[in-house]
Novice: 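Pasting in a structure now, in structure tokens, and then I'll have a few things to ask.
Counting convention: from 1, in listed order, for ligands and their atoms alike. Positions are given from 1 along the sequence.
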Amino acid sequence: MSERTLVLIKPDGVDRGLTGEILRRVEAKGYRIAELKQLSASEDQLAAHYAEHQGKPFYQPLVDFMLSGPVVAAVVEGDEVIKGFRSLAGQTDPTVAAPGTIRGDLGRDWGEKVQKNLVHGSDSVESAEREISIWF
Ligand code: DAT
Ligand code: MG
């Protein structure tokens, strides 16, 4: 049975004109873009989406960053897509994310309190279904 994941292209990716490049990598890998939209996130959406990070030192910088410009949200489908997209995205810290990954090829540190790392991808089936319902 095919799996679904939530992909967000964060404001840095949209602002830098990397939406097409990121979606190209998703499609080139063989996954299917089932839903796609650009929107400005609300504080309520972000509080729900990032509930697991509330209380951490980077939480408010993360929310402020996600409110700083439009995001692109996608539902991406394919067998093992949750693990597969996180593999395409690379490690959280773009400085050490492997070359060949989205974060490794296109991201860097900008000396800020939050890591601006271009994309979000769900980390489990439960997270994916919860997150898709927040954004779609
Ligand atoms: P991921 O996006 O790889 O699943 P996460 O869920 O642990 O990472 O964190 C959510 C986002 O918060 C992450 O994409 C960037 C930011 N972040 C995480 N850890 C951070 C840290 N130690 N310092 C600054 N920003 C951080
Ligand atoms: Mg995460």
Novice: Which protein residues come within less than 4.0 angstrom of ligand 1, counting heavy atoms only?
Specialist: K10, H53, F58, L62, R86, T92, R103, K113, V114, Q115, N117
Novice: I need the full list of salt bridge (charged side-chain N to carboxylate O under 4.0 Å, His left out) pairs touching residues 106-120, with sequence neighbours left out, sorted by first then second residue.
Specialist: E112-K116
Novice: Assess whether atom NZ of K37 is packed by more than 12 heavy atoms of other residues, nucleotides or ligands within 6.0 Å.
Specialist: yes
Novice: Applying salt bridge (charged side-chain N to carboxylate O under 4.0 Å, His left out), which residue pairs with at least one partner in residues 118-136 are found, sequence neighbours left out?
Specialist: R4-E129
Novice: Within a strict 4.5 Å, meaning less than it, do heavy atoms of the R103 and L88 side chains meet?
Specialist: no
Novice: More than 12 non-hydrogen atoms from neighbouring residues, nucleotides or ligands closer than 6.0 Å to NZ on K29, yes or no?
Specialist: no
Novice: Scan the side chains in residues 58-78 for donor-acceptor partners under 3.5 Å anywhere in the protein, sequence neighbours excluded, and list what turns up.
Specialist:
unit_1, atom_1, unit_2, atom_2, d
Q60, NE2, D64, OD1, 3.1
S68, OG, F65, O, 2.6
E77, OE1, R32, NE, 3.2
E77, OE1, R32, NH2, 3.1

